[in-house]
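Below, each value reflects all heavy atoms present in this structure, side chains not excepted, and no hydrogens, waters or symmetry copies. All ligand and atom numbering here is 1-based and tracks the order in the structure.
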Amino acid sequence: MNQFKYNVDPSIDKVFIYGFGFTGKWLTSNIDRKVDGFIDTDIKKKGEKFNGVEVFSYEDAKNFVDPKTEIIISTVDIFDVVPLIDKLDKQKVTPIGYFLDNTKANNNTTGEQDEYIEYSLRTVEYSHKNYRDKNKLFIRSLDLMITERCSLKCQDCSNLMQYYKSPKNMDFEDLKKEMKIVCEKFDFINEIRLIGGEPFMNKEIYKILEWLCEFKKFEKIVIYTNATIPLKEDYSDILQNNKIIFSITDYGSLSKNTKVVTDFLDKYKIPYRIHTPEYWTDSGRLVYENNNKTPAELKEFFSDCCAKNLYTVLGEKIYRCPFVANADNLKAIPNDKNNYVSIHDTKENIKNHLYNTEYLPGCNYCKGRSFESVEIKPAIQTKRIFDYKKLQD
Ligand code: SF4
Ligand code: SF4
């Protein structure tokens, strides 16, 4: 077993972990001294604690980080965090992924399954190591939307399912063509996130999974489900592939089959994480007022958004976020080539859109998803199909 312990230089006075996620929490028990705090860009996490270690906002950090402080980066979106940390007067910055090497969960006090923690550590490892290699086309995750259908009808779904009048599944043959091209263009994709709607609404999901598992270009396939649809015993062998992992949102009484699904996963030793809906904000609405923001305003809007790196492939295009992907799919925003990059485009142009975009024209039609957005009650159900303006032919 690959034992891990991070040793802090004795010349350091204070140690902070940037990122209050699984890797950050795990690190508190796998470091050779007491951590002085977490720093997180998401101010909704401020004041939370884990292992007795408190979360501070980035603004707070400006007051207590000094030239004898070490900041250990534990987030996957290292490219968003480094420019912020650069502005702080610290002694040392350590991307922890450089020190991970297929590391085992070992001393795991997070309450999550060891397999889930190991997957998180591996994601951080890949993200940090590939961040150094500017020649590669690497992304941490790619959302693959295999259906517009959902078994729930949340009025504030940030993927805009509440706007689809005749939702449909993605055609398997089209998906194969699309993903073959994607795999030719990318050097590596750490994980494919299978999403919808509810991905199990697409009855071909098992065939899709079996086919996707053959690809070496991605390490994991994460299935995002609301646990309303029981899994099929007949396909348990497909789900036991070590690439597959589940992320289950437990919507309480709405998630009718949570126990059935988790019993199945336990029985076949398929790793998963189960959680209640987290940090919902008022971002699931198409906006048709004030659609003339200046480029400077749009840049700020985009820069503050927590969803701008949720790369999504849909209709042979790669988008920066699921909002624009679905708004364009619905034809609810004007057609603008700056909202996406075609999978048929050159590797250089794909890289440019994914790494260097400063804003999307589609941000004009979005309420935004900044870390400072107010939380709303999650998963309020509606029977209504929401209206929108059709702005494309
Ligand atoms: S947020 Fe609700 S409607 Fe949207 S995909 Fe999830 S369960 Fe379905
Ligand atoms: S449209 Fe812009 S602001 Fe809205 S979620 Fe996407 S990137 Fe964020």
Under a heavy-atom criterion of less than 4.0 Å, does Gly197 contact ligand 1?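 A heavy atom of Gly197 does come that close to ligand 1.
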Does Tyr164 come within less than 4.0 Å of ligand 1, judged by its heavy atoms?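 Distance cut 4.0 Å: Tyr164 fails for ligand 1.
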Show me which atoms of ligand 2 lie under 4.0 Å from any heavy atom of Phe302.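 What qualifies from ligand 2 is 7 (S).
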Can you name the atoms of ligand 2, numbered from 1 with element, that are less than 4.0 Å from a heavy atom of Val324?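 Checking each atom against Val324, I get 1 (S).
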Test: Lys207 cationic atom under 6.0 Å from Phe172 six-membered ring centre, within 45° of axis: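 No.
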Between Cys321 and ligand 2, which part of the residue brings a heavy atom under 4.0 Å of the ligand: side chain, backbone, both or neither?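 Side chain only.
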Is it the side chain (CB and beyond), the backbone, both or neither of Tyr365 that lies under 4.0 Å from ligand 2, heavy atoms counted?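 Under 4.0 Å from ligand 2, Tyr365 contributes no heavy atoms.
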Nearest non-hydrogen protein atom, [atom]:
atom: atom 8 (Fe) of ligand 2; value: Cys305 SG, 2.3 Å
atom: atom 3 (S) of ligand 1; value: Cys154 N, 3.5 Å
atom: atom 4 (Fe) of ligand 1; value: Cys157 SG, 2.4 Å
atom: atom 6 (Fe) of ligand 1; value: Tyr251 OH, 3.7 Å
atom: atom 2 (Fe) of ligand 2; value: Cys363 SG, 2.4 Å
atom: atom 1 (S) of ligand 1; value: Trp280 CH2, 3.6 Å

is_close_aromatic(Phe99, Tyr6), centroid dist under 6.0 Å: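 Yes, they do, as the ring centres are separated by less than 6.0 Å.
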Is it the case that the side chains of [Y] and [X] hold a donor-acceptor pair, with the cut-off being a distance below 3.5 Å and no angle test?
X: Asp328; Y: Gln392; answer: yes
X: Ser127; Y: Asn190; answer: no
X: Asp77; Y: Thr75; answer: no
X: Ser120; Y: Glu112; answer: no
X: Tyr164; Y: Asn329; answer: yes

Which ligand 1 atoms are under 4.0 Å away from a heavy-atom of Leu152?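 Counting from 1, the qualifying ligand atoms are 3 (S), 7 (S).
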Atom indices of ligand 1, in the order listed, that fall short of 4.0 Å to a heavy atom of Asn226: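 Reading through ligand 1 atom by atom, the close ones are 7 (S).
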Considering all heavy atoms of both residues, which atom of Phe50 and which atom of Lys25 are nearest to each other, and what is their separation?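 The answer is CE2-O, 3.3 Å.
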Taking all non-hydrogen atoms of both residues into account, name the closest pair between Asn339 and Pro361 and its distance.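 The pair with the smallest heavy-atom distance is OD1-CD, 3.2 Å.
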What do we get for Cys150 next to ligand 1 when only non-hydrogen atoms under 4.0 Å count, side chain, backbone, both or neither?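 Looking at Cys150 and ligand 1, just side chain atoms fall under 4.0 Å.
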N, O or S of Cys366 under 2.8 Å from atom 2 (Fe) of ligand 2: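 Not a single backbone or side-chain N, O or S atom of Cys366 is under 2.8 Å from atom 2 (Fe) of ligand 2.
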Under the criterion side chain to side chain donor-acceptor pair (under 3.5 Å), which of Lys217, Lys347, Lys136 is the partner of Asp187?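 It is Lys347, the one option of Lys217, Lys347, Lys136 that forms the side chain to side chain donor-acceptor pair (under 3.5 Å) with Asp187.
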